[in-house]
**Student:** 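Quick one: structure below, then a few questions.
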Amino acid sequence: MKAIYPGSFDPITNGHIDVIERASNFFDEIIVATLCNSNKKYLFSSEERKKLIDIALSHHSKISVVSFEGLLIDYMKDQNIKAIVKGLRTVTDYGYEAQMALTNKKLYEEAETFFMHSQEKYSFLSSSLVKEVYSHKGDLLEYVPDNVDKALKELYGMT
Ligand code: PNS
């Protein structure tokens with residue numbers, strides 16, 4: 001079965017990658033969808049965010065990356081995808097994620113959301129935190145893929 005893993009990924013972190021890799025043990029194919037949340041402003045364009053993920057996950061044959069505008073469920077219907085994978089770090093993620101899962105279910109009855117708990121070592125990690133640290137010229141080498149570390153350092157004039 002195919003599953004879609006949607007998110008903003010601004011930028012992707014090792015916490016996201018860990019969920020994607022563990023989910024790929026349970027699904028035949030994982031499609032990572034780089035989308036836009038209309039309430040958020042992004043540091044990287046959707047093309048840049050997709051490219052960073054493409055490079056970070058290029059060695060995985062079961063994982064592909066897409067980017068599109070519009071509703072997630074429209075893409076899922078079009079591509080005959082019924083499973084959504086989302087990661088949960090702490091209880092504070094649950095309210096927001098449950099709201100999205102229930103909205104997607106309301107819009108597309110056949111859609112099922114599968115939640116995966118993040119590993120403890122990534123439970124504090126977020127793309128926002130990564131941007132905050134790099135914007136002050138720090139780094140989080142253990143928590144972002146090498147190409148993301150490089151992109152952030154270039155952006156913040158650290159090279
Ligand atoms: O990583 P994020 O920002 O929490 O991801 C949210 C995202 C991008 C997955 C969500 O906003 C989304 O699915 N956007 C696409 C448009 C859509 O389908 N919205 C309704 C879903 S509730």
**Student:** Do V133 and Y156 come within less than 4.5 Å of each other through their side chains, counting heavy atoms only?
**Tutor:** no
**Student:** Got more than 12 heavy atoms from elsewhere within 6.0 Å of NZ, K137?
**Tutor:** yes
**Student:** Could you give the distance from CG (L152) to CG (L43), rounded to the nearest 0.5 Å?
**Tutor:** 7.0 Å
**Student:** Checking F9 now: which residues fulfil ring-ring contact (aromatic ring centres under 6.0 Å, His included) with it, not counting sequence neighbours?
**Tutor:** Y5, H16
**Student:** Please identify each residue that fulfils ring-ring contact (aromatic ring centres under 6.0 Å, His included) with F114, with sequence neighbours left out.
**Tutor:** F27
**Student:** Is the shortest distance from a Lys or Arg side-chain nitrogen in D18 or R22 to a carboxylate oxygen in the other one below 4.0 Å?
**Tutor:** yes
**Student:** Taking the side chain as everything from C-beta on, heavy atoms only, tell me whether V148 gets closer than 4.5 Å to T13.
**Tutor:** no
**Student:** Please tabulate, for side-chain N and O atoms in residues 67-79, each donor-acceptor pair with protein atoms closer than 3.5 Å (sequence neighbours left out).
**Tutor:**
{"residue": "S67", "atom": "OG", "partner": "T34", "partner atom": "O", "Å": "3.3"}

**Student:** So if you build clusters from Ile, Leu, Val, Met, Phe, Trp, Tyr with side-chain heavy-atom gaps below 4.5 Å, do F26 and L57 land together?
**Tutor:** yes
**Student:** Can you find a heavy atom in the side chain of R49 that is under 4.5 Å from one in the side chain of C36?
**Tutor:** yes
**Student:** Under a 4.0 Å threshold between the charged nitrogen and the carboxylate oxygen, would K51 count as salt-bridged to E47?
**Tutor:** no
**Student:** For residues 52-64, pull every pair meeting side-chain hydrogen bond (donor to acceptor under 3.5 Å, both in side chains), keeping only residues two or more places apart or in separate chains.
**Tutor:** E21-H60, K50-D54
**Student:** Has E142 got more than 12 heavy atoms of other residues, nucleotides or ligands less than 6.0 Å from its CD?
**Tutor:** no
**Student:** Can you list everything that forms a side-chain contact (heavy atoms from CB on, under 4.5 Å) with F124? Sequence neighbours excluded, please.
**Tutor:** L129, Y143
**Student:** Just wondering, do T113 and K105 contact through their side chains at under 4.5 Å, heavy atoms?
**Tutor:** no
**Student:** Going by side-chain hydrogen bond (donor to acceptor under 3.5 Å, both in side chains), name the pairs with one or both residues in residues 82-93, residues two or more places apart or in two chains.
**Tutor:** K82-E110, K86-E97, R89-D93, T90-T92
**Student:** Is any side-chain heavy atom of S126 closer than 4.5 Å to one of K131?
**Tutor:** no
**Student:** Determine whether I20 and V144 fall in the same hydrophobic cluster, where Ile, Leu, Val, Met, Phe, Trp and Tyr are linked whenever their side-chain heavy atoms lie under 4.5 Å apart.
**Tutor:** yes
**Student:** Rounded to the nearest 0.5 Å, how far does CG of N104 lie from CD of E109?
**Tutor:** 12.5 Å
**Student:** Hey, is the main chain of K2 close enough, under 3.5 Å, to the side chain of D28 for a donor-acceptor pair?
**Tutor:** no
**Student:** Report yes or no: do V130 and Y42 belong to one cluster of Ile/Leu/Val/Met/Phe/Trp/Tyr joined by side chain heavy-atom distances under 4.5 Å?
**Tutor:** no
